[in-house]
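These notes concern the structure reproduced below.
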Amino acid sequence: MMALFVSLFFVSSVRAEAPAPRLANVVILATGGTIAGTGATSTTTVGYTAATVGVQSLIKAVPELAKVANVTGEQVFQIASENMSNEHWLILAKRVNALLAQPNVDGIVITHGTDTLEETAYFLDLVVKSRKPVVLVGAMRPSTALSADGPINLYNSVLLAASPDAVGKGVLVAMNDQIQAAREVTKTNTSTLDSFRTPELGMLGYIQGSKPFFYRASTRKHTVDTEFDVSALSALPAVDIVYGHANVGPVAVDAFVAAGDKGIIHAGVGDGSLASKVVPALKSARQKGVIIVRASRVGQGILARNGEANDDELDFVVADTLNAQKARILLMLALTKTNSTREIQRMFYTY
Ligand code: DGL
C-alpha cells in the first residue's frame, strides 16, 4: 500500500513540474513601408513618410510580442514598397529559406509596405521551401497616428507565425484581424483599415483574442509543393503588364518587345478582351518568342481560355483567376523553367 502511495505521490509531483511548452522562435524581417512610417502629427494618416522606423523599434513598441513568441529582428531593406523590385525579392526569398532551414526558427514575419505586399506574398508563396509559417504584415496608418494599426497587426502576425495551425497553409497575410491567402488577397482601398480583402474566394480565417481561427485553406499548390527554385538565380526574366482601356493601341506592347521582355501580361477589359488595334502587336510579339498571358483588369473571376480570343490559335496563355500583377509573378517564375505555352498554361492551372 505504501509503495502505491509513494508511486502516486511521485507521479503527481512529477506531473506538477512538467515544463511549460517553449515559445516559438519567430524572426521578423523588416522591409519598410507604412508600418515603419512616421507622420508630422498624430492625425497624419496620409502624406507621411514610409520606411523610417527600424525593426528593433517596431519590436520595442509591442512588448506583448514576448508573451507569444521569442522574437528576433532583421532589417532586410528600408523602402517604400512601390520600390520593391525583382532583385529585392530574390534577396528576401533566399534569406527566408536560409532562416527556415534552421531548426531553431519556427516561423517568419515580414513587415512590408502595403502597396506591393500582395505581390511579395505571392512570390514567396511560390518559392519558399518550407511548411513553416511565413506571414506578411503591413499597416494602413503610420506608427505615429492615432489608432495606428501597425502594432496590433504586428502582434497578430507574430502569434500567427508562432501557431502550429499556420503550418503548411502557404504564405499568409495578417491584416485587420483577418488571415488571408497570398494567392488571392489584394489591396482594395487606398487608405482604409479594411483594405486587404479576398473579395470572392474568401479569406482563410480570423485572429481573435490572441488566437488564429482557420475556416478554409488554399486549394492551389504552394511553398514546398511548387517546382520553382530561386536559390541559384541572380535575376528574373523581364515581364511587364499592358493595361487595357478604351482607345488602347499597340504602343505599349511594341515598347515592351523592343525592351527585350520575355513575357507580357495583357490586363484586358472584361474577360480579357483584346482590342483589334492591339492584336497584330501581340501576334508579332508571340512570333518573336514573347509569351503572352491574357489576364483581366477586372480583378475577379475566371479568365476563360478561348473565350474572348482564340488562345489555341494565337498560342496565348490565360491567367485563370490571378490578377495581372500576380500573373506577372507566375509568368516570370514559369519562364525560369520553360518557354512552352502548354507547360506554362499547366502552371497557371496549378498555382
Ligand atoms: N509607400 C507605401 C508602401 O510602402 C505606403 C503604403 C503602406 O505601406 O501602407 O507600400
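In listed order, ligands and their atoms are each counted from 1. Source: prediction; values computed, not measured.
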Quickly, which of Gln325, Lys187, Lys326 forms a side chain to side chain donor-acceptor pair (under 3.5 Å) with Glu118? Name it, please.
-> Gln325

Ile179/Tyr206 under side-chain contact (heavy atoms from CB on, under 4.5 Å): CA gap, chis, key distance, verdict = CA-CA 5 Å; Ile179 305 170; Tyr206 303 96; 5.9 Å; no

If you count the non-hydrogen atoms of other residues, nucleotides and ligands that lie under 6.0 Å from CG in Leu23, is the total more than 12?
-> yes

Which protein residues have a heavy atom under 4.0 Å from ligand 1?
-> Gly33, Thr34, Tyr48, Ala80, Ser81, Glu82, Gly113, Thr114, Asp115, Ala139

Check each of Thr223, Asp125, Leu100 against Val134 using the side-chain contact (heavy atoms from CB on, under 4.5 Å) test, and report the only one that passes.
-> Leu100

Kindly determine whether Glu64 and Leu154 satisfy side-chain contact (heavy atoms from CB on, under 4.5 Å), including the steps that lead there.
-> CA-CA 10 Å; Glu64 294 83 355; Leu154 183 62; over 6 Å; no

What side-chain donor-acceptor pairs closer than 3.5 Å can you find for residues 166-176, not counting sequence neighbours?
{"residue": "Lys169", "atom": "NZ", "partner": "Asp165", "partner atom": "O", "Å": "2.7"}

